[in-house]
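Have a look at the structure below before the remarks.
Numbers here are sequence positions counted from 1. Bear in mind the structure is a predicted one, so any value in this text is a computation, not a measurement.
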Amino acid sequence: YRFIENPVYDRDYGYRMTANCECRDILKIKNLLLWDLSYRTDKFGRRFTEGKVSPKTDEFVVFYGGSRTFGQGVLDGETLASNFQKLTPSKRVYNYGIINSGANTFLKQHEDQKFKKEIPEKQGLFLYVFDLGHEQKILGTKYAVSSYAAPFYDYNDKHELVYFGSFWMGRPFKSFILNLLSFSAVYQNIFLNYRPVISSLSAEDNKLVNAVILKMKKEVEAFGNSKFAVVFFETVGSAILDDLSRSLSEAGVDVLYFDKSVLPANDNKNYYKYDRHPKASTYVVQAQLLQQELIKKSWLKK
């Protein structure tokens, strides 16, 4: 059983968080209540980030990604962004996480100048938290793209990565069939909930995922004197994440890779049973690890 007031469909980005909202989120699986809580968003739909900020700050940190970046299952003050803000009062931290979204959504936001319009500080850090499954949102598989309005990026005839509109526009027939099937209760409860095991990506798919993220990096560089990195919190051991982190590094993207040797154990104490979203204590550790790594890279001061 799930009751959630956010996110809502968006014709440009697939999903967006409602602005100026105090929303309730309940998740119950197999008669076990995993969470029942509320969260708040600001006038741009960003989740509230708690923690002291220096009044003299002129730099920002943007966290963007899916539900784990947003912090589904924890309170406003317990998210990754909030924990990082408490450790880094010299910068203004923004939580741009959107439930069920991937890099294609945020690339489109960059191209639309969303961050320039909404962030008053002129320079900072963009940290994209890549979770296993985000690659499927870029590729548009049926069990990852439940919103056919999500941005669709692919290569044109000149082999340039371009935006083709939504998946509705880029793959109209496939989107129509999947949308039609989604009205079936059998399809919703069996096939949409089935997650086939994908142990690796083809060279072509890996290249497309890399291209989307590389374009995000270029957009950040055009933003001003800002930096971009992709963050991996790897708890289960995945060839996909290993391959992507390696290929992104080789392409010149800064990668911050944290594996299970330094992260909290992947158990029911640190992650929600069945759902596997991090609990509050896990976000504390993730924020500390990030801070330490960014200090090593001289992107943050001690």
Side-chain angles (χ1 to χ4, degrees), residues 2-4 6 17 22-41 46-53 61-101 125 127-134 229-238 241 245 255-296 299-300 302:
R2 165 162 278 161
F3 172 81
I4 182 170
N6 253 321
M17 310 308 295
E22 183 165 345
C23 304
R24 192 176 181 189
D25 185 4
I26 305 171
L27 181 61
K28 186 177 183 181
I29 301 177
K30 297 183 179 180
N31 293 320
L32 174 65
L33 180 65
L34 297 186
W35 63 69
D36 180 355
L37 50 80
S38 296
Y39 53 81
R40 297 166 296 159
T41 61
R46 303 176 296 209
R47 187 168 186 182
F48 269 56
T49 300
E50 296 186 4
K52 292 183 179 179
V53 183
V61 178
V62 162
F63 283 92
Y64 46 14
S67 58
R68 289 170 176 78
T69 305
F70 176 82
Q72 195 171 15
V74 300
L75 300 171
D76 291 338
E78 298 173 335
T79 65
L80 176 61
S82 287
N83 278 290
F84 194 82
Q85 180 70 85
K86 294 167 188 175
L87 295 171
T88 319
S90 61
K91 299 184 186 295
R92 173 80 64 178
V93 179
Y94 295 101
N95 186 346
Y96 272 90
I98 302 175
I99 297 169
N100 204 31
S101 295
L125 308 178
L127 302 177
Y128 174 58
V129 183
F130 194 111
D131 295 318
L132 187 62
H134 281 198
V230 180
V231 182
F232 293 86
F233 293 118
E234 218 308 28
T235 60
V236 295
S238 165
L241 297 189
S245 63
V255 172
L256 307 179
Y257 191 98
F258 305 97
D259 64 23
K260 57 185 178 182
S261 66
V262 296
L263 292 167
N266 186 21
D267 54 28
N268 294 335
K269 176 182 177 182
N270 300 302
Y271 298 84
Y272 282 105
K273 188 176 182 180
Y274 305 122
D275 180 80
R276 309 320 293 171
H277 276 81
K279 293 184 178 180
S281 58
T282 299
Y283 285 121
V284 172
V285 176
Q286 290 180 351
Q288 292 170 345
L289 291 169
L290 265 178
Q291 182 201 38
Q292 294 166 9
E293 193 62 28
L294 291 171
I295 289 173
K296 289 180 184 178
W299 287 12
L300 287 180
K302 293 184 179 179

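Pairing each heavy atom of Ala229 with each of Trp299, the nearest pair is CB-CZ3, 3.8 Å. Among all heavy-atom pairs drawn from Val93 and Ala81, the shortest one is CG1-O, 3.5 Å. Taking every heavy atom of both residues into account, Leu290 and Leu80 meet most closely at CD1-CD1, 4.2 Å. The two residues Tyr271 and Ala265 make their nearest non-hydrogen contact at CE1-O, 3.5 Å. The nearest pair of heavy atoms linking Thr79 to Gly71 is CG2-CA, 4.0 Å.
Between the side chain of Gln85 and the backbone N or O of Lys91 there is at least one donor-acceptor pair closer than 3.5 Å. With hydrogens and angles ignored, the 3.5 Å screen pairs a side-chain donor or acceptor of Lys86 with a backbone N or O of Gly77. In this structure, Ser82 contributes its side chain and Glu50 its backbone to a donor-acceptor pair below 3.5 Å. A side-chain donor-acceptor contact under 3.5 Å links Asn95 to the backbone of Phe70. Judged purely by atom type and a 3.5 angstrom limit, Lys279 uses its side chain to pair as donor or acceptor with the backbone of Asn268. Between the side chain of Tyr96 and the backbone N or O of Thr69, no donor-acceptor pair lies under 3.5 Å.
For CZ of Arg276, the number of neighbouring non-hydrogen atoms (other residues, nucleotides, ligands) closer than 6.0 Å is greater than 12.
Counting heavy atoms from C-beta on, the side chains of His277 and Arg68 come closer than 4.5 Å. For the pair Leu241 and Val236, the minimum side-chain heavy-atom distance is 4.5 Å or more. Put simply, the side chain of Leu127 reaches to within 4.5 Å of the side chain of Leu294, judged on heavy atoms. Within the 4.5 Å cutoff, the side chain of Phe130 has no heavy atoms near those of the Val255 side chain. Counting heavy atoms from C-beta on, the side chains of Tyr94 and Thr49 never come closer than 4.5 Å. Side-chain atoms of Leu289 and Val262, non-hydrogen and from C-beta on, do get closer than 4.5 Å to each other.
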For this session: For the pair Asn83 and Gln286, evaluate side chain to side chain donor-acceptor pair (under 3.5 Å) and give the outcome as yes or no after the intermediate values.
Result: CA-CA 9 Å; Asn83 278 290; Gln286 290 180 351; over 6 Å; no

For this session: Could you check Asn270 against Thr235 for side-chain contact (heavy atoms from CB on, under 4.5 Å), going step by step and ending with a plain yes or no?
Result: CA-CA 11 Å; Asn270 300 302; Thr235 60; over 6 Å; no

Exercise. Does the pair Leu300 and Gln291 meet the rule for a side-chain contact (heavy atoms from CB on, under 4.5 Å), with working shown?
Worked result: CA-CA 8 Å; Leu300 287 180; Gln291 182 201 38; 4.2 Å; yes

For this session: Could you please spell out the steps behind the side-chain contact (heavy atoms from CB on, under 4.5 Å) verdict for Lys260 and Asn266?
Result: CA-CA 8 Å; Lys260 57 185 178 182; Asn266 186 21; over 6 Å; no

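Atom OG of Ser245 is separated from atom CD of Glu234 by 8.0 Å, given to the nearest 0.5 angstrom. Residue Leu75 holds its CG atom at 5.5 Å from CG of Leu37, rounded to the nearest 0.5 Å.
Residues passing the ring pair (Phe, Tyr, Trp, His ring centres under 6.0 Å) test with Phe84 are Phe63, sequence neighbours excluded.
Evaluated for a side chain to side chain contact (heavy atoms under 4.5 Å, CB included) with Val231, the options Tyr257, Tyr128, Phe258 yield exactly one hit, Phe258.
Residue pairs meeting the salt bridge (charged side-chain N to carboxylate O under 4.0 Å, His left out) criterion with at least one member in residues 75-84, sequence neighbours excluded: Arg40-Asp76, Arg47-Asp76.
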Between side-chain atoms of residues 26-34 and protein atoms elsewhere (two or more places apart, or another chain), which donor-acceptor pairs fall under 3.5 Å?
none

